[in-house]
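Let me begin by presenting the structure, written as structure tokens, before commenting on it.
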Amino acid sequence: QVQLVESGGGLVQAGGSLRLSCAASGPTFSIYVMGWFRQAPGKEREFVAAISQSGGSTAYADSVKGRFTIARDNAQNTVSLQMNSLKPEDTAVYYCAADRYGTISSREYEYDYWGQGTQVTVSS
């Protein structure tokens with residue numbers, strides 16, 4: 001089992017940047033596919049980005065492609081989400097998630113463990 005704790009959220013103006021981090025407990029972090037999801041008020045949670053166990057493969061939602069970058073450090077048990085050129089529509093609670101079994105995925109139900117979320121607010 002792994003526990004996930006996100007950090008780095010906050011308030012930023014449109015066009016600005018934020019870097020989210022997710023710290024994972026446990027000695028087996030490198031076996032998990034890691035993902036970031038987000039949930040805006042009144043909307044369903046949606047996929048943002050995912051990264052394979054080795055970090056060699058990544059996937060992004062079309063809405064963030066070219067602006068967000070996911071990365072991981074297996075030695076430090078962390079995964080990050082660098083968010084640039086932020087837009088008001090990026091405002092949401094951002095969740096880190098871990099998938100114990102499988103390949104890189106955008107499907108929420110495939111992720112086994114979730115963090116508590118961190119709020120990102122982008123003002124216009």
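Note that these values count all heavy atoms, side chains included, but never hydrogens, waters or copies made by symmetry. Remember, predicted model here, so these are calculated numbers, not experimental data.
Summarising the geometry of Val2 relative to Ala98, their closest heavy-atom pair is CG1-CB, 4.0 Å, with the distance given to 0.1 Å. Closest non-hydrogen pair, Ser52 versus Ile104, comes out as N-CD1, 3.9 Å. Annotation for Tyr111 and Gly35: closest pair CE2-N, 3.7 Å, computed over non-hydrogen atoms. Heavy atoms only, all atoms of each residue included: Ser124 and Pro88 are closest at CB-CG, 3.9 Å. The minimum heavy-atom distance linking Gln82 with Ser17 is given by the pair NE2-CB, 4.0 Å.
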Stepwise side-chain contact (heavy atoms from CB on, under 4.5 Å) check, Gln1 with Asp112: CA-CA 9 Å; Gln1 187 169 347; Asp112 306 291; over 6 Å; no
Given Thr118 and Leu20, is the side-chain contact (heavy atoms from CB on, under 4.5 Å) satisfied, shown in steps? CA-CA 8 Å; Thr118 186; Leu20 304 183; 4.0 Å; yes
Verify side-chain contact (heavy atoms from CB on, under 4.5 Å) between Met34 and Cys96, making sure each step is shown before the conclusion. CA-CA 7 Å; Met34 299 300 297; Cys96 174; 3.5 Å; yes
Worked verdict on Tyr60 versus Val48 for side-chain contact (heavy atoms from CB on, under 4.5 Å): CA-CA 6 Å; Tyr60 296 93; Val48 175; 6.0 Å; no
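A donor-acceptor contact shorter than 3.5 Å is absent between the side chain of Thr121 and the backbone of Leu11. Side chain of Tyr113 to main chain of Arg100: no donor-acceptor pair is present (N/O by atom type, distance under 3.5 Å, no hydrogens or angles). Under the 3.5 Å distance criterion, the side-chain polar atoms of Gln13 are left unmatched by any main-chain donor or acceptor of Ser123. With Asp99 contributing its side chain and Arg107 its backbone, the two residues share no donor-acceptor pair below 3.5 Å.
To the nearest 0.5 Å, the span separating CG on Asn74 from OG on Ser54 amounts to 8.0 Å. To the nearest 0.5 Å, atom CG of residue Asn84 and atom CZ of residue Phe68 are 8.5 Å apart. Phe29 contributes atom CZ, which lies 4.0 Å from atom CZ of Arg72 (distance to the nearest 0.5 angstrom). In this structure, OG in Ser80 is found 4.0 Å from CZ in Arg19, a value given to the nearest 0.5 Å.
For the pair Tyr94 and Gln39, the minimum side-chain heavy-atom distance is 4.5 Å or more. No side-chain heavy atom of Val120 sits less than 4.5 Å from a side-chain heavy atom of Thr91.
Side chains of Thr78 and Asp73: a donor-acceptor N/O pair is absent below 3.5 angstrom, by distance only. Side-chain contact check for Gln53 and Ser30: no donor-acceptor pair (N or O, by modelled atom type) lies under 3.5 Å.
Arg38 forms no cation-pi arrangement with Phe47, by the criterion of a distance under 6.0 Å to the ring centre and an angle within 45° of the ring axis. With Tyr95 as the aromatic partner, Arg45 meets the cation-pi criteria of under 6.0 angstrom to the ring centre and within 45 degrees of the ring axis.
Taking the ring centroids of Phe37 and Trp114, they lie under the 6.0 Å cut-off.
There is no path of hydrophobic side-chain contacts, each under 4.5 Å, that joins Ile51 to Val33. A single hydrophobic cluster is seen to contain both Val64 and Val122, as judged by linkage of ILVMFWY side chains at heavy-atom distances under 4.5 Å, directly or through other members. Note on Leu18 and Val93: separate hydrophobic clusters, where clusters join Ile, Leu, Val, Met, Phe, Trp and Tyr whose side-chain heavy atoms are under 4.5 Å apart, directly or indirectly.
By the 4.0 Å N-to-carboxylate-O rule, Asp62 lies close enough to Lys65 to be salt-bridged with it.
Atom CD of Gln116 has more than 12 neighbouring heavy atoms from other residues, nucleotides or ligands inside a 6.0 Å radius.
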